[in-house]
Structure formats: structure tokens, C-alpha cells
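Notes to accompany the following structure.
Computation of the quantities below employed the complete heavy-atom set of this structure, encompassing side-chain atoms and omitting hydrogens, waters and symmetry-equivalent molecules. The first residue of the sequence shown is numbered 1, and numbering continues consecutively from there.
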Amino acid sequence: MKIEHIGMWVKDIEQTRRFYETYFEASANNLYHNEKKGFKSYFLTFASGARLEIMHRDDIKEAAGELFGYAHLAMSVGDKDDVDHFTKRLTDDGYDLLDGPRTTGDGYYEAVVLDPDGNRIELTTD
């Protein structure tokens with residue numbers, strides 16, 4: 001078995017699509033739009049074959065703080081220098097850094113940044 005994809009609600013679907021295409025070389029399919037339900041989605045495919053579905057509906061409202069369920073998306077970007085590079089690139093472009101880069105207690109070298117919707121992304125080593 002394998003995880004087929006992960007779905008994530010977003011506020012601005014086009015901004016989020018561009019973010020993952022720009023920084024993580026994701027490739028988006030054509031926008032799916034169900035006008036009756038007010039639902040839009042893209043499937044973003046990464047070089048590894050992993051897929052992320054970003055979804056938007058106007059009636060989905062913002063949640064604050066830690067919640068049960070989705071906590072973060074971990075993106076393996078290479079070695080420590082790559083983590084440092086990605087972290088600097090994202091923070092230089094105005095994205096929030098929550099933690100790191102650092103070696104965690106369980107041995108990961110990582111930094112935690114926020115995507116345009118405030119979702120946590122762990123930038124990790126391979």
C-alpha cells in the first residue's frame with residue numbers, strides 16, 4: 001500500500017499552487033471547478049510521485065492554532081546545506097520561519113516554515 005495523496009484546504013488556491021510550483025517544483029493538473037458546490041482543486045505532483053491536492057471552497061473558514069489531524073508536510077530537500085538554502089530562500093521571499101534550521105531530538109536536520117495559508121512545512125534532509 002501507499003498513500004495516494006494528501007488533501008489540504010487553502011484560502012487562495014492560485015497563490016498556493018504557485019508557491020508549491022515555485023519552491024518545490026510541483027506540477028499542477030488542470031483546475032477542477034464544481035460551480036454547483038463552489039469547489040475548486042488542483043492535484044500537485046512532485047518529482048518523487050507524491051501528490052498533494054489543494055482545495056478551496058468559500059464556506060471553509062480559517063482555523064487557528066493546533067488541531068487534530070494534519071500537522072505538517074515534510075519535504076526532503078537534500079542535505080543540510082540544501083535545508084539552509086531553502087530556508088533562506090523562503091524567508092528572503094517573506095515566508096515565516098517558525099523553527100530552525102536545527103537538529104531535532106530524533107535526529108532530523110530541519111526548519112519549519114509556513115506556506116501562504118499558514119500550513120507548516122518541515123524542510124528536512126534526505
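Side-chain contact between M75 and F46 is present, with heavy atoms from C-beta onward closer than 4.5 Å. Inter-residue side-chain proximity for I121 and Y20 is flagged as met; some heavy-atom pair is nearer than 4.5 Å. A 4.5 Å side-chain heavy-atom check between L114 and R120 finds at least one atom pair inside the cut-off. When side chains are defined from C-beta on, T124 does not count as touching V83, because their heavy atoms never get closer than 4.5 Å. Residues V112 and L97 form no side-chain contact, since every pair of their non-hydrogen atoms from C-beta on lies 4.5 Å or further apart. Looking at Y95 and P116, their side chains come closer than 4.5 Å, going by heavy atoms from C-beta outward. Looking at D115 and L73, their side chains never come closer than 4.5 Å, going by heavy atoms from C-beta outward. The side-chain heavy atoms of T103 and E110, taken from C-beta on, include no pair separated by under 4.5 Å.
Defined by atom type and a distance below 3.5 Å, a donor-acceptor pair is missing between the side-chain atoms of N30 and Y42.
Taking all atoms of both residues into account, the shortest heavy-atom contact from K88 to T91 is O-OG1, 3.2 Å. Nearest heavy atoms, S41 versus M55: CB-CG, 4.0 Å.
The number of heavy-atom neighbours closer than 6.0 Å to CD of E4, taken from other residues, nucleotides and ligands shown, is above 12. Atom OH of Y108 has 12 or fewer heavy atoms from other residues, nucleotides or ligands within 6.0 Å. Within a 6.0 Å radius of CD in E21, other residues, nucleotides and ligands contribute more than 12 heavy atoms.
Of the charged side-chain nitrogens involved, at least one lies within less than 4.0 Å of a carboxylate oxygen, so that E14 and R17 count as a salt-bridged pair.
A donor-acceptor contact shorter than 3.5 Å is absent between the side chain of H33 and the backbone of K40.
Within the model, atoms NE2 of H85 and CG of D79 stand 11.0 Å from one another, a figure rounded to the nearest 0.5 Å. The line from OG1 of T16 to CG of L52 is 9.5 Å long, rounded to the nearest 0.5 Å. To the nearest 0.5 Å, atom CZ of residue F43 and atom CD of residue E53 are 3.5 Å apart. The distance from atom CD of Q15 to atom CG of D117, rounded to the nearest 0.5 Å, is 7.0 Å. To the nearest 0.5 Å, atoms CG (L123) and CG (D82) are separated by 10.5 Å. Separation of atoms CD1 (I54) and NZ (K11) is listed at 14.0 Å; rounding is to 0.5 Å.
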- Given the rule in the side chain to side chain contact (heavy atoms under 4.5 Å, CB included) test, do F19 and L90 qualify, once you have shown the distances and angles that lead to the verdict? CA-CA 10 Å; F19 174 83; L90 287 163; 3.6 Å; yes

- Message: As a quick check of understanding, evaluate side chain to side chain contact (heavy atoms under 4.5 Å, CB included) for L44 and R51, giving each step before the final call.
- Response: CA-CA 5 Å; L44 305 176; R51 297 191 326 150; over 6 Å; no

- Query: Is there a side-chain hydrogen bond (donor to acceptor under 3.5 Å, both in side chains) between Y109 and D84 once you walk through the steps?
  - Reply: CA-CA 10 Å; Y109 185 75; D84 293 342; 2.6 Å; yes

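The side-chain contact (heavy atoms from CB on, under 4.5 Å) test applied to T22 returns R89, not counting sequence neighbours.
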